[in-house]
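Here is the structure we will look at, set down as structure tokens.
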Amino acid sequence: MQSISILGSTGSIGVSTLDVVARHPDRYRVHALSAHSRVAELAQQCERFRPEVAVVGSAAAAAELESLLRGKGLPTQVACGPEALCDIASADGCDMVMAAIVGAAGLASTLAAARAGKKILLANKEALVISGQLLMDAVAANGAGLLPIDSEHNAIFQCLPPGYTRSMPAHGVEKILLTASGGPFLTRDVATLNEVTVEEAVAHPKWVMGRKISVDSATMMNKGLEVIEAHWLFGAPADKIEVVIHPQSVIHSMVSYADGSVLAQLGNPDMRTPIANALAYPERIASGVAPLDLAQIAQLSFSQPDFGRFPCLKLAYDALRAGGTLAAILNAANEVAVQAFLDRRIGFRMIDQLIQRVMSAIPNRQAADIGALLEQDAQARAHAEALISQ
Ligand code: NAD
Ligand code: MG
């Protein structure tokens with residue numbers, strides 16, 4: 001029996017994780033759950049999964065949760081704030097941590113899990129984008145495990161040989177082929193992109209996800225963040241990571257080898273597959289995902305991404321090539337810009353323009369310790385906010 005802390009349990013990934021966990025009560029039990037503000041939902045999850053601890057974002061939310069839980073006669077301990085998230089990520093009572101908080105808010109708890117030597121199921125790609133070196137170092141130094149949940153990276157993980165050591169040449173790996181659906185605006189007239197609505201941007205053609213990652217998919221910043229994520233996870237330089245547009249989202253990514261072989265992982269677009277894969281690795285367990293019906297899919301198509309249509313993808317490659325704190329700056333500017341778009345304060349095309357302006361305004365620093373990274377993150381956020389309020 002393994003116990004798991006699920007950080008961000010009310011989100012899209014959190015709910016899918018609980019769905020898989022519920023299918024295997026003989027294998028997994030829940031140590032802790034966390035939500036930022038959706039207290040009623042978290043209380044329901046506590047009733048069903050009986051965690052020892054539940055964490056929320058504020059003291060007010062904690063009081064509300066506490067009264068809901070006591071009303072149901074549940075003994076779950078309630079805590080709040082970022083430190084409590086680090087506590088449940090590093091607690092002796094948990095073997096595994098699902099890092100499924102969205103954005104930089106998930107960084108500290110993911111690092112805490114790594115320092116405590118936990119098996120980390122990593123959905124929070126922003127942690128690797130901001131501080132890839134630090135996180136990979138903490139994982140190595142503390143004997144932690146890091147299993148990718150992002151469908152592309154989980155696919156690549158499955159296509160790489162067991163015992164892969166983050167050196168492409170040592171394993172005859174030529175290239176990583178990162179597939180991308182292209183999102184809702186793949187074929188829309190570029191001239192009309194600034195007029196797209198929030199509703200259009202979050203309506204992903206293939207995946208049901210949280211709002212932030214849905215907008216990231218529409219700008220293709222999501223793929224850009226994933227290029228950086230692949231760099232850290234697999235030791236791949238920028239020019240060995242190729243993005244391939246594949247609108248059907250059936251192939252979740254591929255690995256190209258020196259002998260000409262290309263290995264791919266296929267499946268229906270449902271996050272329960274990578275979640276089940278990482279939970280049970282190296283075993284295979286049922287996830288609830290329907291089997292793939294290839295005859296019904298009939299056709300798979302591929303094309304190259306257009307950087308003119310998707311400037312965010314190019315900005316992410318630029319940040320990866322530059323190194324230092326530029327990826328943290330890019331990530332922070334993107335988080336602010338996406339939130340401003342969701343709040344209808346800026347148009348869609350302002351997202352990439354804003355990120356670009358913040359990236360050129362804030363000097364990149366090469367020494368990337370956590371202090372420098374958080375400082376750059378704060379500076380980038382303040383600069384982006386100032387540009388929006390102008
Ligand atoms: P979501 O918005 O549905 O859920 C986010 C979760 O984080 C919620 O439980 C929320 O309560 C919590 N949260 C939000 N802000 C917080 C804060 N400041 N402090 C603490 N907790 C906070 O997001 P999601 O779609 O589940 O994505 C979660 C992460 O997984 C993101 O990093 C995303 O990029 C990544 N991811 C998601 C998918 C997907 O299919 N949804 C796929 C690949 C990767
Ligand atoms: Mg992905």
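Counting convention: from 1, in listed order, for ligands and their atoms alike.
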Proximal protein heteroatoms (N, O or S) of the Mg ion (ligand 2), under 2.8 Å: Asp150 OD1, Glu152 OE1, Glu226 OE2
Just say parallel, tilted or perpendicular for the rings of Phe307 and Tyr317, cut-offs at 30° and 60°. perpendicular
With a 4.0 Å cut-off on N to O distance, would you call Lys125 and Glu152 a salt bridge? no
If you count every heavy atom of other residues, nucleotides or ligands that lies below 6.0 Å from Asp92 atom CG, does the total exceed 12? no
Carboxylate-amine/guanidinium proximity below 4.0 Å for Glu385 and Arg345: yes
For Gln304, I'd like to know if atom CD has over 12 heavy atoms of other residues, nucleotides or ligands within 6.0 Å. no
With a 4.0 Å cut-off, would you call Arg48 and Glu41 a salt bridge? no
To check you understand the geometry: which heavy-atom pair defines the closest contact between Val56 and Ala61, and what is its length? CG2-C, 3.7 Å
Do Ser249 and Thr179 have side chains that approach each other closer than 4.5 Å (heavy atoms only, starting at C-beta)? no
Students often mix this up, so state it plainly: with edges at 30° and 60°, are the rings of His246 and Phe302 parallel, tilted or perpendicular? parallel
Check each protein residue for a heavy atom under 4.0 Å from ligand 1 and list those that pass, ordered by chain and number. Gly8, Ser9, Thr10, Gly11, Ser12, Ile13, Ala35, His36, Leu85, Ala100, Ile101, Val102, Ala105, Ala123, Asn124, Lys125, Glu126, Asp150, Met209, Gly210, Ile213, Met271
